[in-house]
Number of protein chains: 2
Amino acid sequence: MATRTDAPTRREQILKEAARLFADRGFHGVGVDEIGAAVGISGPGLYRHFPGKDAMLAELLVGISGRLLTGAKRRVAEADGVAAGEVLDSLIEGHIDFALDDRPLITLHDRELDRLRDSDRKLVRQLQRQYVELWVQVVREVYPELGEAAARSAVHSVFGLLNSTPYLGRGGTLPGRGVTAELLHRMARGAFAAAGAAQG
Amino acid sequence: MATRTDAPTRREQILKEAARLFADRGFHGVGVDEIGAAVGISGPGLYRHFPGKDAMLAELLVGISGRLLTGAKRRVAEADGVAAGEVLDSLIEGHIDFALDDRPLITLHDRELDRLRDSDRKLVRQLQRQYVELWVQVVREVYPELGEAAARSAVHSVFGLLNSTPYLGRGGTLPGRGVTAELLHRMARGAFAAAGAAQG
DNA sequence: CAGGCAGGTTAGCGGTCGTTAACCTGAAGG
DNA sequence: CCTTCAGGTTAACGACCGCTAACCTGCCTG
């Protein structure tokens, strides 16, 4: 877990600002001049760093999906022999960290996927699918009475719950990161438990 | 509850197709020619029914927010004297019906709000806020140990859970409407219960 | 039957947007 | 000191898009 201390490159600045703008106003709603202005250069200067506007979105979405999947794989691998319930807690924790720290990316991730070139979209979809399958396996270990279809639905719904972070602090500050994370974690576990509890 | 049997007007056709297209590719990603083609007329013919593209989005969003709020108010009013838990169940059921029957609208509802004119956006926000407050009141009756901020966060998160329906049937059919509705309902109640159970 | 109007059509204007072209500049390196 | 090149700049092009103008055509009504 090497935390970076060096300054972000221009390329990283651009990606960060583009993510924020895309999340705020949609991919088609943001012009390249605007993205350039957000990092202090103007319009076409961006083309020294990216081949086009599409490429920025692609790199953002592939990056998100990849990091989510990589982190989840690591968490599952690290927990060899520990109870399945703890692995699920770890997955939930990782997703919450991501949802709280990178809210614009969470927004983009399920909103602008269709704006990608075919090849990029397929790649992102594949990464997302692997991520979901990882969750489904762990969830079914914890709640064996859940069928596969029900487990997959439950996982998608919990993603919806966890990804609600962009709406939480809208008209005031959220009560503090730790408290919010804990609340989301409890609710996710509660939702899974309720899914596995009954005639599903 | 008068169910309509007469044919939809041209205006209604347009709104329905526009909703689907906007949800699929985003407001800015759909041209008026495309919307026209979807209902069998072409491009500028739409201007006989709407003053502009913005007006279609506005009518869709105001309509959604209004119907959600009206339905919720009715459900709360009808349940005079019954247990708060049952009122919450009724609210959840209503929201699920909506999320399952009008998936494109659910998608639009929290995605394209910022594309509206100021006055329309304020109206929609106000309707949404009233809807949330209604839920918060009922939730706090059922789980009195929840603070107001926590209850509001919980409500938003459960909305995220229930609004995940667009992702459920993506690569196959969902297991049947009734089963899905029941699963979502259980998970929502489980999430609320978990939110109210602990040191929140 | 005359007239009006609802509801279409096509042509085209004006603005915006992504992208390219051509040019500039300051710092690094032999 | 000259060259190179990374990383900018402004101007402008071509495509697209929302919208308007001008025109057409059936149906309803007095």
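Below, chain A is the first sequence line, B the second, and so on; all start at residue 1. Please read all numbers here as calculations on a predicted model, not as lab measurements.
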Query raised in the report: Cation over ring, A/Lys53 on A/Phe22, under 6.0 Å and within 45°?
Result: no
Query raised in the report: Which dot-bracket string fits DNA chain C when only Watson-Crick or G-U wobble pairs with both atom distances under 3.5 Å count, crossing pairs get [ ], and | stands for a partner on a different strand?
Result: ||||||||||||||||||||||||||||||
Requested in this report: On DNA chain D, check which nucleotide each of A/Gly40 and B/Arg48 is closest to and give me the residue with the more 5' one.
Outcome: A/Gly40
Let me have the donor-acceptor pairs involving side chains of residues 81-89 of chain A, under 3.5 Å, with sequence neighbours excluded, atom names and distances please.
from, atom 1, to, atom 2, distance (Å)
A/Asp89, OD1, A/His185, NE2, 2.8
A/Asp89, OD1, A/Arg189, NH1, 2.9
A/Asp89, OD2, A/Arg189, NH1, 3.2

Report task. Identify whether any heavy atom of A/Val39 sits under 4.0 Å from a base atom; if not, whether one sits that close to sugar-phosphate; answer base, sugar-phosphate or nothing. Result -> nothing
Report summary line: Closest to the side chain of A/Val32, out of C/dA22, C/dG18, C/dT10, is C/dG18
**Report entry** Nucleotide C/dC17, atom P - distance to NE2 of A/His28 in whole Å
**Finding:** 13 Å
**Report entry** Contact interval (first through last nucleotide) of DNA chain D with protein chain B, 4.0 Å heavy-atom
**Finding:** D/dG18 to D/dC23
Report task. Mind telling me whether A/His95 and A/Trp135 have parallel, tilted or perpendicular rings, with 30° and 60° as the class edges? Result -> perpendicular
Report summary line: Of A/Pro44 and B/Asp54, the one whose nearest nucleotide on DNA chain D sits closer to the 5' end is A/Pro44
Report summary line: Nearest-nucleotide check on DNA chain C, B/Gly43 vs A/Val30; residue mapping nearer the 5' end is B/Gly43
**Report entry** Lys/Arg-Asp/Glu bridge criterion (N-O < 4.0 Å) met for A/Glu17, A/Arg20
**Finding:** yes
Query - Sequence neighbours excluded - salt bridge (charged side-chain N to carboxylate O under 4.0 Å, His left out) pairs with any residue from residues 148-162 of chain A - result: A/Glu133-A/Arg152, A/Arg140-A/Glu148, A/Glu148-A/Arg152
Requested in this report: Check the distance between C/dT19's P and A/His49's NE2 and give it to me in whole angstrom.
Outcome: 15 Å
Report summary line: The side-chain contact (heavy atoms from CB on, under 4.5 Å) partners of B/Arg177 (sequence neighbours excluded) come to B/Asp97, B/Leu100, B/Asp101
Report task. Round to the nearest Å and state the distance from A/Phe50 atom CZ to C/dT20 atom P. Result -> 15 Å
Report summary line: A/Phe27 CZ to C/dT16 C1', in whole Å, measures 15 Å
Query raised in the report: Salt-bridged, A/Asp24 to A/Arg103, with N to O below 4.0 Å?
Result: no
Query raised in the report: A/Ala154: what forms a side-chain contact (heavy atoms from CB on, under 4.5 Å) with it, not counting sequence neighbours?
Result: A/Phe192, A/Ala195, B/Met187
Query raised in the report: Only one of A/Asp120, A/Asp110, A/Asp114 clears salt bridge (charged side-chain N to carboxylate O under 4.0 Å, His left out) with A/Arg125; which?
Result: A/Asp114
Query raised in the report: What does A/Gly31 touch in the nucleic acid at a heavy-atom separation under 4.0 angstrom: a base, only the sugar-phosphate, or nothing?
Result: sugar-phosphate
Query - Interatomic distance where CD1 belongs to A/Ile41 and C1' belongs to C/dT25 [whole Å] - result: 16 Å
Report summary line: From NZ of B/Lys53 across to C1' of C/dT16 the rounded distance in Å is 13 Å
